[in-house]
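Following: one structure in structure tokens, then a few remarks.
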Amino acid sequence: MFFCTKCGLCCRNIDKIPELAEFHKGDGVCIHLSDDNLCDIYSIRPDICNVEKMFELNYKAMMSKEEYEKMNMEGCRVLQGK
Ligand code: SF4
Ligand code: SF4
């Protein structure tokens, strides 16, 4: 199961995500990230920010849910420098 620690790092490094180009001011930090590391548009966040939805839309045909969650958590670990 995918486990998010709410570190907020994915939302502070969006500069390489074309779908979120309009969500930051050139510094890679999303304008919708609140001071407590939460998304202030969570219920209407873009698909690219929604792990579950991205699996259904783009990855389901390629890999298992377990592999997908592992891949996502690996991405979190890279961002966290672990
Ligand atoms: S980098 Fe990973 S653990 Fe941190 S907030 Fe984003 S999804 Fe959650
Ligand atoms: S829209 Fe929300 S979930 Fe997406 S990068 Fe911004 S703060 Fe994070």
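Keep in mind that what you see is a predicted model, and the values were worked out from it rather than measured. Both ligands and their constituent atoms are indexed starting at 1 by order of listing. Worth knowing before you read on, the calculation uses all heavy atoms, side chains too, and leaves out hydrogens, waters and symmetry mates.
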Legend entry - Shortest non-hydrogen separation from Met73 to Phe3 and the atoms involved: SD-N, 3.7 Å

Inset, instruction - Hey, could you give me the SG/CG distance between Cys30 and Asn13, rounded to the nearest 0.5 Å? - result: 11.5 Å

Inset, instruction - Kindly give the heavy-atom pair with the smallest separation between Leu20 and Pro46, and that separation in Å. - result: CD2-CG, 3.7 Å

Legend entry - Donor-acceptor pair, side chain of Glu19 and main chain of Ile48, under 3.5 angstrom: no

Legend entry - Protein heavy atom at shortest distance from atom 5 (S) of ligand 1: Gly8 N, 3.2 Å

Legend entry - Closest non-hydrogen atom pair, Asn37 against Cys7: ND2-O, 3.1 Å

Inset, instruction - Check which protein N, O or S atoms are less than 2.8 Å from atom 6 (Fe) of ligand 2 and report how many there are. - result: 1

Legend entry - Environment of atom 2 (Fe) of ligand 1 in terms of protein N/O/S atoms, cut-off under 2.8 Å: Cys76 SG

Legend entry - Ion pair check, Glu67 and Lys70, cut-off under 4.0 Å: no

Inset, instruction - For residues Tyr59 and Met71, report the shortest heavy-atom separation together with the two atoms involved. - result: CE2-CE, 3.8 Å

Legend entry - Inter-residue atom distance Phe55.CZ - Met62.CE, 0.5 Å rounding: 10.0 Å

Inset, instruction - Mark the output for Phe2 as yes if a heavy-atom distance to ligand 1 is under 4.0 Å, and as no if none is. - result: yes

Legend entry - Under-4.0 Å salt bridge between Glu52 and Lys65: yes

